[in-house]
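One structure is given below, encoded as structure tokens.
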Amino acid sequence: MANTTMLNATEIAGSVGLILAILVEVGTLLGNGALLIVVLRTPGLQDALYLVHLCVVDLLAAASIMPLGLLAAPPPGLGRVRLGPAPCRAVRFLSAALLPACTLGVAALGLARYRLIVHPLRPGARPPPGLVLTAVWAAAGLLGALALLGPPPAPPPAPPRCSVLVGGLGPFRPLWALLAFALPALLLLGAYGGIFLVARRAALRPPRPARGSRLRSDSLDSRLSFLPPLRPRLPGGKAALAPALAVGQFAACWLPYGCACLAPAARAAEAEAAVTWVAYSAFAAHPFLYGLLQRPVRLALGRLTRRALPRPLRTCTPQAWHPRALLQRLQGRPKGPTLGPSEAPVQDSEVAGRRSPSMPGAT
């Protein structure tokens, strides 16, 4: 009875994990695809090349390592498909290369926004995005090559352990974790911390009085307007929302995976499926965090959506069907207040009287 209960609980947990993994996969494809279309169709967006790079990396991960994670996850994971030695090495290389490409790309995007906000009038201080992304892919390729130096996959009776967490990197796992997660985390924390400090300093600065502004009166209402609010808030709190979300999402998604890389292989194998898919959820969160939270991207998305949707038919106003307005449209008269039958003679007589006061009324 107890074994049956444990088996049912394991099957239920596997089914729930499979549903959540499919939702992450679908969200990654749809979100990154929509953001990529918006960025490509909208010229003049800041950090457009970094956003395109991030979308491409997420889509590559959604097309390669995420489906393999669904099919070939170790028990008690999501799938039961066994990979051969060559596909297993390919999965190791793709995982060890795409994950650092994503984290380093996020850090490069944060640094680019920091330089754009802190030094907006010094374009020479910003390196070209092509050079930065070339360095990112070079580092990702070197980190992926470390996976090829690890131990070979296990023979058929034992699980192959194709992931980076368990046996994929061998003795290079701590080095890979430091370069793939610790370094981007420090860069991202420094970039968004600098953005928050600049925004808070600007919020604490008192506003300059405008020219020609009137002096306040010495009334009771004027004095009460100088009193602080009942609920004081931290200056720059609104500006801290985007940095807090970016750093919090990076830590929530990638910190468990980095800690599992530093743990022993036996401990990492127990939580491999859960930790891996928590890290993969970052691919689905990037379009909302770095796309929809940015006002230019939202405006561009709204404009493209209005163009794509069919326009509603123009309807006539209720005034257009009024009998007097309809008669004017049929006769081609200009729009204006129409005179009643009793108003016209009075007006004509008044005009005639003004022109010739001595002329008789019959004339």
Side-chain angles (χ1 to χ4, degrees), residues 28 31-32 35 38-39 45-58 61 98-129 131-133 135-137 139-140 177-205 233-259 278-300:
T28 302
N32 286 279
L35 181 59
V38 170
V39 173
L45 280 179
Q46 299 289 346
D47 307 326
L49 192 57
Y50 292 103
L51 288 176
V52 169
H53 168 263
L54 190 60
C55 292
V56 168
V57 172
D58 293 346
L98 288 178
L99 299 185
C102 178
T103 56
L104 292 174
V106 169
L109 178 60
L111 290 175
R113 289 182 175 177
Y114 168 77
R115 289 189 293 266
L116 185 65
I117 293 174
V118 178
H119 306 291
L121 301 179
R122 286 167 43 181
R126 300 192 293 269
L131 180 62
V132 175
L133 295 179
V136 166
W137 278 105
L178 291 176
L179 294 178
F181 301 114
L183 180 61
L186 291 178
L187 294 177
L188 198 67
L189 185 61
Y192 283 106
I195 292 174
F196 170 70
L197 291 179
V198 170
R200 188 170 184 272
R201 194 179 302 118
L204 288 172
R205 187 180 305 165
R233 59 181 182 179
L234 180 65
K238 187 177 180 180
L241 179 62
L245 286 177
V247 176
Q249 180 266 336
F250 190 92
C253 293
W254 296 111
L255 186 60
Y257 198 91
C259 294
V278 168
Y280 288 170
S281 65
F283 301 140
H286 289 160
F288 303 97
L289 187 62
Y290 298 100
L292 292 181
L293 289 184
Q294 307 300 320
R295 189 170 180 268
V297 177
R298 288 199 306 271
L299 295 177

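All residue numbers refer to positions in the sequence shown, counting from 1.
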CG of L111 to CG of L116, rounded to nearest 0.5 Å, is 12.5 Å
| request: Find the distance between CG (L109) and CG (L104) and round it off to the nearest 0.5 Å. | output: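 Here the rounded value is 12.5 Å.
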TODO: Mind jotting down which residue pairs meet the side-chain hydrogen bond (donor to acceptor under 3.5 Å, both in side chains) criterion with at least one end in residues 285-299? Sequence neighbours excluded, please.
DONE: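 Matches after skipping sequence neighbours: D58-H286.
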Heavy-atom pair with the smallest gap, counting every atom of [X] and [Y]:
| X | Y | answer |
| --- | --- | --- |
| V136 | A101 | CG1-O, 4.0 Å |
| N32 | F283 | ND2-O, 3.0 Å |
| A252 | V278 | O-CG1, 3.7 Å |

Cut-off 3.5 Å, no hydrogens considered: what does the side-chain donor-acceptor table look like for residues 179-196, sequence neighbours left out?
none

Quiz item: According to the interplanar angle, ranging from 0 to 90°, do the rings of F250 and W254 count as parallel (below 30°), tilted (30 to 60°) or perpendicular (above 60°)?
Solution: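 If you compare the ring of F250 with that of W254, the planes turn out tilted.
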Quiz item: Mind checking what makes side chain to side chain contact (heavy atoms under 4.5 Å, CB included) contact with V39, not counting sequence neighbours?
Solution: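 Listed in chain order: L35, L45, A48, L51, V52.
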Task: Any H53 side-chain heavy atom under 4.5 Å of P129 side chain - done: no
